[in-house]
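Convention: sequence-line order gives letters A, B, ...; per-chain numbering from 1.
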Amino acid sequence: MTGTFTPTEMMTIAAARTLTNDDICFVGIGAPSAACNVARLTHAPKITLIYESGTIATKPDVLPLSIGDGELCETALFTVSVPEMFRYWLQGGRITTGFLGGAQIDRFANLNTTVVGDYAHPKVRLPGGGGAPEIASNCGRILITMAMGTRAFVEKLPFITSMGHGEGGDHRARLGLKTKGPTAVITDLCVMQPDPVTKELAVVSIHPGVARETVAAACGWALKFAETVTETPAPTPEELSVLRDIQARTRNAHKAA
Amino acid sequence: MCDIRTKLKYRTIVLTRMGLLPYLKTLTAHSVNGRPLSLSIQGTRAMAELMSLADAIAANVRDGDSVAFEGFTHLIPFAAAHETIRQGRRDLTLIRMTPDIIYDQMIGAGCAKKLKFSWGGNPGVGSLHRMRDAVENGWPHALGIEEHSHAAMANAFEAGAANLPFAMLRGYIGADLPKVNPMIRSVTCPFTGEVLAAVPAIRPDVSVIHAQRADREGNVLLEGIVGVQKEAVLAAKRSIVTVEEVVDALDPPSRNSVVLPHWTVSAIAVVPGGAYPSYALGYYPRSNATYIAWDAIARDRDTFLAWMQDNVLSGQPGDFARHARPRAGAN
């Protein structure tokens, strides 16, 4: 099986590589959770993973379906109440990295998970922000992972659930934010980073076997490419086997219960 | 319905039931603009009464109440919600950080006129289809929403428990929610001038939670992911706790365990398995398979109604016992 890999596997592994042993990471459910645990089981065994349910320094053996599965609590160093989590640990500035997903994103890495259409009369009512609005402002840096497509990567968001770089440039600083905001968006086709000055996302690496035109076509705005665009290193056999093992364990566990 | 005499009469009934009548005078003394501050029950004693779940709901949850069935993924009081649906409660303001399947069922069953929440999905699965149908199409009837972030809701519960009128947080920066929710406002720090987000404290008429166990006096122990349940109970006028079991000695696992003493709880009902398909740490795991299966059940109105008829309306609290397991490590 190694040697071939799916775009989703490449996305998860590329996302995992952005994390280090020094990260104290607030983990969103789904794709971010997979990436964070692959990092922990490969190159970053000392990473601290925190889920908003209150579980701190957790080491799940299977990926949780919900943000509060028993697995997270039973493998955590300790568990705090939800008010304490959001007040002392997140707002208190103790989290270096927030890892988010979203339904829609724009060129300045603002995210929408609230509504499509008008808020009062929505075409599609999405789940809402949950922890994201304050994760986006209070963590030292933000990483975002989501699959590309023109319905997800849009010219204009119908609703800003959590702020990335706002209108771009120094918008975050003008609002008094001292945290960095989104520093990378890891997709199934490429990795993007914000321009240091304009804060507009630009492609910095393209995954193996993906054409530049494919990346551009999967984006709803005129996507910029950095001066130097590299090829994302393919997943190693170890990375792939760790990811596939944890996903197999997870499937079995969720079926059984 | 809201004239002061009706309010006082209503309050007397409540206080009698809670064993609080002797404190009525004290309470009435605390008033703002001539309106009694009936929330000032802090400093007084309620007494937890052990009763059946049906009696606990009938005595404490009324049409039009604001209710918080709390539990952050863990210890969600499903049996109590099903009993509330069976008793036909209407016009409830449902408060919960994560509406989850429990409020999908209550909204689809027509119990709710309003929802106050911060994340309304089926965790790890997708949409809450009954909630969406209510918001997008007004089925079974229109549902008002008051939407916040998790941080704001958690702070608001804590403010309620602390008997404060509002909560403040460094929140919603650059986000659109304050543009559509007039209950998100701001307050300026009198010392630094920093502008912070402000939201009203949450003070439910009733909070309903599930816990691992209570002792015979009615003291309640929660452990694991404890969410906002302690705050929800302390913020509420009345509270109902369902438990897996009643034991002779509570035996809190640590001197810092989360314990709600009997004088903070209105009613306790023993309902083994009462948190299923969520879970009770140390007793039974979350049924992720049920959460996944709910997606197809809730997607279609008729399938949902048939499921509710078979599993809720024709059911009883004792049905949850089949999901219960003995406590791990208990003799």
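Ranking B/Ala175, B/Ala152, B/Gly126, B/Ala197 against chain A, the residue ahead of the rest is B/Ala175, based on heavy-atom pairs under 4.5 Å. For the options B/His74, B/Arg132, B/Gln229, heavy-atom pairs under 4.5 Å to chain A are most numerous at B/Arg132. With chain B as the partner, the residue from A/Pro133, A/Ala120, A/Ala76, A/Gly131 showing the most heavy-atom pairs under 4.5 Å is A/Gly131.
Residue A/Thr114 touches chain B through its side chain alone, counting heavy-atom pairs closer than 4.5 Å. With a threshold of 4.5 angstrom between heavy atoms, B/Tyr172 approaches chain A through its backbone and through its side chain. In this structure, the portion of A/Asn138 lying under 4.5 Å from any heavy atom of chain B is its side chain and not its backbone. Contacts of A/Glu74 with chain B are made by side-chain atoms alone, with heavy-atom separations under 4.5 Å and no backbone atom involved. Residue B/Met153 does not touch chain A at all, counting heavy-atom pairs closer than 4.5 Å. In this structure, the portion of B/Leu281 lying under 4.5 Å from any heavy atom of chain A is its side chain and not its backbone. Only the side chain of A/Glu134 comes within contact range of chain B, with at least one heavy atom under 4.5 Å from a heavy atom of that chain. Only the side chain of A/Thr55 comes within contact range of chain B, with at least one heavy atom under 4.5 Å from a heavy atom of that chain. Neither the backbone nor the side chain of A/Ile135 comes within less than 4.5 Å of any heavy atom in chain B. In this structure, chain B has no heavy atom under 4.5 Å from any part of A/Val115. Neither the backbone nor the side chain of B/Tyr284 has a heavy atom closer than 4.5 Å to any heavy atom of chain A. Interface remark: B/Ile145 contributes side-chain atoms only to the contact with chain A (heavy atom separation under 4.5 Å).
Side-chain N or O atoms of B/Glu136 include one that pairs as donor or acceptor with a backbone N or O of A/Arg125 at under 3.5 Å. The closest donor-acceptor contact from the side chain of B/Asn288 to the backbone of A/His254 lies at 3.5 Å or more, if one exists at all.
The number of heavy atoms from other shown groups lying within 6.0 Å of NZ (B/Lys116) is above 12.
Counting all heavy atoms, side chain and backbone alike, B/Ala154 lies closest to A/Val82 at CB-CG1, 4.0 Å. In terms of heavy-atom proximity, B/Gly227 sits nearest to A/Ser81 at O-CB, 3.6 Å. In terms of heavy atoms, B/Ile225 sits closest to A/Ser53 at CG2-O, 3.4 Å. Closest of all the heavy-atom pairs between B/Pro123 and A/Ser66 is CB-CB, 3.5 Å.
Counting heavy atoms from C-beta outward, B/Val226 and A/Thr79 have side chains that stay 4.5 Å or more apart.
Under the 3.5 Å distance criterion, with hydrogens and angles disregarded, a donor-acceptor pair is assigned to the side chains of B/Asn155 and A/Arg87. B/His150 and A/Glu52 are linked by a side-chain donor-acceptor pair at a separation below 3.5 angstrom, with hydrogens and angles left out of the test. Side-chain contact of A/Tyr119 with B/Glu147: a donor-acceptor pair under 3.5 Å is present, judged by distance alone.
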